[in-house]
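Report on one structure; see the data block that follows.
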Amino acid sequence: MILFLEMGVAQNTTSTIPVNVGVVLDLASLDAKIALSCINMALSDFYASHGDYKTRLVLNTRDSKKDVIGAAAAALDLIKNVEVQAILGPNTSMQANFVIDLGEKAQVPIISFSATSPSLTSIRSSYFLRATQNDSAQVNAISAIVQAFGWREAVPIYIDNEYGEGIIPYLTGALQEVDARVPYRSVISPSATDDQIVEELYKLMTMQTRVFIVHMYPSLGTRLFTKAKEIGMMSEGYVWIMTDGLSVDFLSSPNHSVTDTIQGVLGIKPYVPRTKELEYFRARWKRKFLRDNPDKIDAELNIYGLLAYDATTALALAVEKAGTTNFGFQKANVSSNSSTDLATLGISLNGPNILQALSTTSFKGLTGDYLLVDGQLQSPAFQIVNVNGNGGRRIGFWTPTEGLVKTLNPRINKRMNSTSTSRVSTVIFPGDTTAVPKGWEIPTNEKKMKIGVPVKYGFSEFVAVTKDPGSNTTTFTGFCIDVFDAVVKALPYALPYEYIPFAKPDGEPAGTYNDLAYQVYLKNYDAVVGDVTIVYNRSLYIDYTLPFTESGVSMIVPIADNNSKNAWVFMKPLTWDLWVTSFLFFVFIGFVVWVLEHRINEDFRGSASDQAGTSFWFSFSTMVFAQRERMVSNLSRAVIIIWCFVVLILTQSYTASLTSLLTVEQLQPTVTDVRELVKKGEYVGYQEGSFVLGLLLDLGFDKSKLMAYSSAEECHHLFSKGSGNGGIAAAFDELAFLKLIMSGYCSRYTMIDPKFKTGGFGFVFPKGSPLVPDISRAILNVTEGDEMKQIEGAWFGKKSTCPESSSSISSNSLSLKSFWGLFLLAGLAALLALIIFIVMFVYRERNVLRSYDSTASIWSRIENFFRIFIQRDSTSSTFTQSDPNDRNSISLPPMRAPSPSADSVDAEYPANRSSASYDSSPNREVPLEVVIDTVLKFNMN
């Protein structure tokens, strides 16, 4: 079949139907000659392999003469006089803009393989088909390159027409998505002279940005790059990126005079897979083109020729699919007075069918898979080229799915970051260097950076501006100045700058810090250095570096000795809950000791008052360790050992706290809550010109209650007067200033929470300045090293250091919270001892408890239990003999009713038979158990 491709003659010509199609090109241009030869070869190849098709496209070529009106006139002639069914072309986007309207009116499909401007899409003509790449498709590839190399700014240089302007909104948006700014747009007129081009390039040299994206016609691009090289803009440090229009033209037919001016430039080109069919076609085309154009020996087949070939093939398929009828035009119904060509323009009867067929046609073309989606050819990938030598060297690819890649091998690409420079081959930039340019430079032909410095009369440790009237020189000193100087020295490059005071001609401050920051936005200053706080509202129009000081706003208040040494000061060491708990535990421990000791210890027996007094005396005497009673039970000894430990800790803590209260001055802040200041209407201070004023108003302070100070001494003076005498009760400021104030008055003021979060001090730069990342990294380098400590020591080292202030004002009184563990330990020990004693007691007296009357009530049983419990344990080793005069009884007054005899008592209370006998005299001693038994019976009755 290949042998017949060049014959260009179909069989059975007598049965074919000719179909007129138009071709509108700038026939004088090389690109048009290449495209037209590809169109002719496409028809020849197509009908050689599709001899059975009934339709045959007949080309009607017109020259647009590189003119918009010429293209429109050519299209109008083809539609009205030739009645073409479709038009291939025109060359440029501006020409296509006019031709599209004619195609829409006549319903004739316009198929362009070189009009790439995205603005044509906005026309929304269904009869316009773009058989080439939309310029907006390449902007993501360009932004991926910018992101991969870490460039933060880029300036587009484009031609001032529809072709140039169409891509700019898409390019700007793509760059913004990767955090790259477009600080300036350079527009070059299509008719610009060389002098005008040089003037614009010099203007670009005065700017910081060194990354340029060029989008224009090749003829204008050649002049631009030539002049850029002449004035030194193709040297080291510059980055140039060409869009596909320039890349295809410059690199498809390399011209040494052109490539010599674009060495190191990066370019974007549509990717066309290399196949055997493509290489065979390239060789055939070369032979045919040289035969037809013997004077164009350097011409090379470019992407537009391939696209023209595929577009022609698609049109031939679509015309055959649309059918062989209705190739005529419906004449317009116009009056005889209407003689204009547009008014008499007819409507193609078969145009809608051809349009539908074109939209559904797909095949494997020379450029790859051919498919139109919404009238737009889909782009599989772009290749990234780097101009070196006499041609372009491919360094990578960009695809919509994988982003920037070195090869189109999915297995390799998955292991790489799509935005990393590792995904492209080594780039040789202008100046024949492989070092990646920063993307910006300080212009050599511009003055030094103008650094604005605030003028103030206080807190000169941070920044001070001093003017010498004699020499008329201005000196800039202070912590912030030294930090910035150190940061600039830490940069990997030189940064010339000069300080300029933000002052009026008379030396007075020219405004607030907000006014100073706004001067950077107005480009009156290139940066601001000083004690400028990072706050949100300023960040809307300027950029900050990382902070170089501690951040936050707080308040300081006076401190006073509020300890009133009165008659009840001895109660203050302990809180009320600790007093109550201690008293209850003394009572509880005394009760536990009595329970454990009264049956076996003579010291804890006797009358009820004696036993109660002894128990409580013993418990409370442990405070001073003056107890005299001996312990017999091992359980009580264990309880007392633990309790004495608790008492020791408690008494020692009490003594220490009381000593502190009586001997040490107790300094406390006069105010601890911001809301208290607002509620009482107190006067508060803030630093003059500070953003803290707005913060105080937001907190609810009345503006009439706010007083400004400009130095630490003035702040101290306001505090000395007091809130009611023209002074203040509190001062609000940033932490750095408050610490400086307190360093001179440690014994008078303290810092109180809350701390309002701020960003700290930072340097100010214009929005999107490329200096910000480098300065921020240098700040980290300085603050993490010893140099920052030396700077701080130089400005603040001589000041006395204050202890860390705390907003939480802790009480001098000891609370239960500090001792509950000790009380828990003592309580558990006492309860455990009680449980053990009761279990042992019940076990030992089990026989007596069982022998009691089984028919007795529960109350009687309880009565019997307590009667046994209060008796002395006669089996204990401490009771070797019975002594009726011992302290085991209670003295009672003479009883008027006759008492039961001893025998009757013994009979009723058998347990008493082992006790010592007692007489029946009026002043006799009645045993404790008899008293309790009598009380129980009385309650039952």
Side-chain angles (χ1 to χ4, degrees), residues 25-26 29-39 89-93 96 112-118 130-139 141-142 145 157-159 163-164 166-167 171 213-225 240-259 261-263 265-274 278 281-282 285-286 289 296 298-311 365-368 377-398:
L25 296 172
D26 298 329
S29 68
L30 178 61
D31 286 343
K33 294 179 182 296
I34 294 173
L36 187 58
S37 67
C38 290
I39 292 173
N91 283 85
T92 68
S93 299
S112 177
F113 48 82
S114 58
T116 58
S117 175
R130 196 201 309 266
T132 184
Q133 310 299 332
N134 189 330
D135 279 340
S136 63
Q138 63 181 315
V139 297
I142 296 174
I145 295 174
I157 306 175
Y158 58 95
I159 189 171
Y163 170 74
I167 194 177
L171 178 62
I213 302 171
V214 185
H215 179 69
M216 56 185 57
Y217 293 152
S219 57
L220 184 60
T222 301
R223 295 166 56 203
L224 176 76
F225 282 114
W240 295 86
I241 303 175
M242 302 183 297
T243 58
D244 63 349
L246 291 175
S247 301
V248 169
D249 187 273
F250 289 166
L251 302 179
S252 296
S253 302
N255 185 317
H256 179 72
S257 61
V258 175
T259 56
T261 63
I262 58 174
Q263 292 296 303
V265 175
L266 295 172
I268 308 294
K269 291 177 60 178
Y271 172 66
V272 178
R274 177 172 291 185
L278 176 61
F281 174 78
R282 191 185 299 274
W285 174 86
K286 185 72 173 178
F289 189 81
K296 304 293 183 182
D298 293 332
E300 294 291 340
L301 182 63
N302 57 30
I303 184 65
Y304 297 120
L306 299 177
L307 290 171
Y309 185 96
D310 286 347
L366 293 178
T367 58
L377 183 66
Q378 299 305 292
S379 173
F382 286 95
Q383 56 180 326
I384 316 300
V385 295
N386 182 206
V387 181
N388 302 128
N390 198 34
R393 177 175 58 92
R394 187 169 64 197
I395 61 172
F397 299 89
W398 181 89

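Model, not experiment: these values are computed from the prediction.
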Working to the nearest 0.5 angstrom, can you tell me the gap between [X] [atom1] and [Y] [atom2]?
| X | Y | atom1 | atom2 | result |
| --- | --- | --- | --- | --- |
| Met216 | Thr222 | CE | OG1 | 10.0 Å |
| Thr92 | Tyr163 | OG1 | OH | 10.5 Å |
| Arg282 | Leu366 | CZ | CG | 9.5 Å |
| Ile303 | Asp249 | CD1 | CG | 13.5 Å |
| Leu246 | Lys269 | CG | NZ | 12.5 Å |
| Phe250 | Asn255 | CZ | CG | 9.5 Å |

Can you tell me if [X] uses its side chain to pair, donor with acceptor, with the backbone of [Y] under 3.5 Å?
| X | Y | result |
| --- | --- | --- |
| Arg393 | Val387 | no |
| Gln263 | Gly389 | yes |
| Thr367 | Leu306 | no |
| Gln138 | Asp244 | yes |
| Arg394 | Asn386 | no |
| Asn302 | Val248 | no |

Can you name the closest pair of heavy atoms from [X] and [Y] and give their distance?
| X | Y | answer |
| --- | --- | --- |
| Val265 | Trp240 | CG1-O, 3.4 Å |
| Gly391 | Leu251 | C-CD2, 4.1 Å |
| Phe382 | Ala137 | CE1-O, 3.4 Å |
| Leu25 | Ala35 | CD1-CB, 4.4 Å |
| Ser117 | Gly166 | OG-CA, 3.8 Å |
| Ile159 | Tyr217 | CD1-CD1, 3.6 Å |

Is it the case that the ring center of Tyr271 lies less than 6.0 angstrom away from the ring center of Phe397?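 Aromatic pair counts; centres sit under 6.0 Å.
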Do Tyr309 and Phe281 make the cut of ring centroids closer than 6.0 angstrom?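 Yes; Phe281 has its ring centre under 6.0 Å from that of Tyr309.
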Would you please test Leu377 and Arg130 for side chain to side chain contact (heavy atoms under 4.5 Å, CB included) and show each step? CA-CA 6 Å; Leu377 183 66; Arg130 196 201 309 266; over 6 Å; no
Taking the side chain as every heavy atom from C-beta outward, state whether [X] and [Y] have any pair of such atoms under 4.5 Å apart.
| X | Y | answer |
| --- | --- | --- |
| His215 | Ile157 | no |
| Tyr304 | Thr132 | yes |
| Val214 | Thr243 | no |

Flag for [Y]-[X]: side-chain donor and acceptor within less than 3.5 Å:
| X | Y | value |
| --- | --- | --- |
| Ser136 | Asn134 | yes |
| Thr116 | Asp135 | yes |
| Asn91 | Asp31 | no |

My understanding is that only residues two or more places apart in sequence, or in another chain, count here; which of them pass salt bridge (Lys or Arg N to Asp or Glu O under 4.0 Å) with Lys286?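 Lys286 satisfies salt bridge (Lys or Arg N to Asp or Glu O under 4.0 Å) with Glu300 once adjacent residues are dropped.
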So which of Ile384, Val385, Asn388 actually passes side chain to side chain contact (heavy atoms under 4.5 Å, CB included) with Ile395?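 With Ile395 as partner, Ile384, Val385, Asn388 yield a single side chain to side chain contact (heavy atoms under 4.5 Å, CB included), made by Ile384.
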I'd like to check the side chain to side chain donor-acceptor pair (under 3.5 Å) partners of Ser112; sequence neighbours left out, ordered by chain and number.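 Residues passing side chain to side chain donor-acceptor pair (under 3.5 Å) with Ser112: none at all.
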Run Gln383 and Trp398 through side chain to side chain contact (heavy atoms under 4.5 Å, CB included) and show every step you take. CA-CA 6 Å; Gln383 56 180 326; Trp398 181 89; over 6 Å; no
Applying side chain to side chain contact (heavy atoms under 4.5 Å, CB included) to Val258 and Phe225, what does each step give before you reach the verdict? CA-CA 8 Å; Val258 175; Phe225 282 114; over 6 Å; no
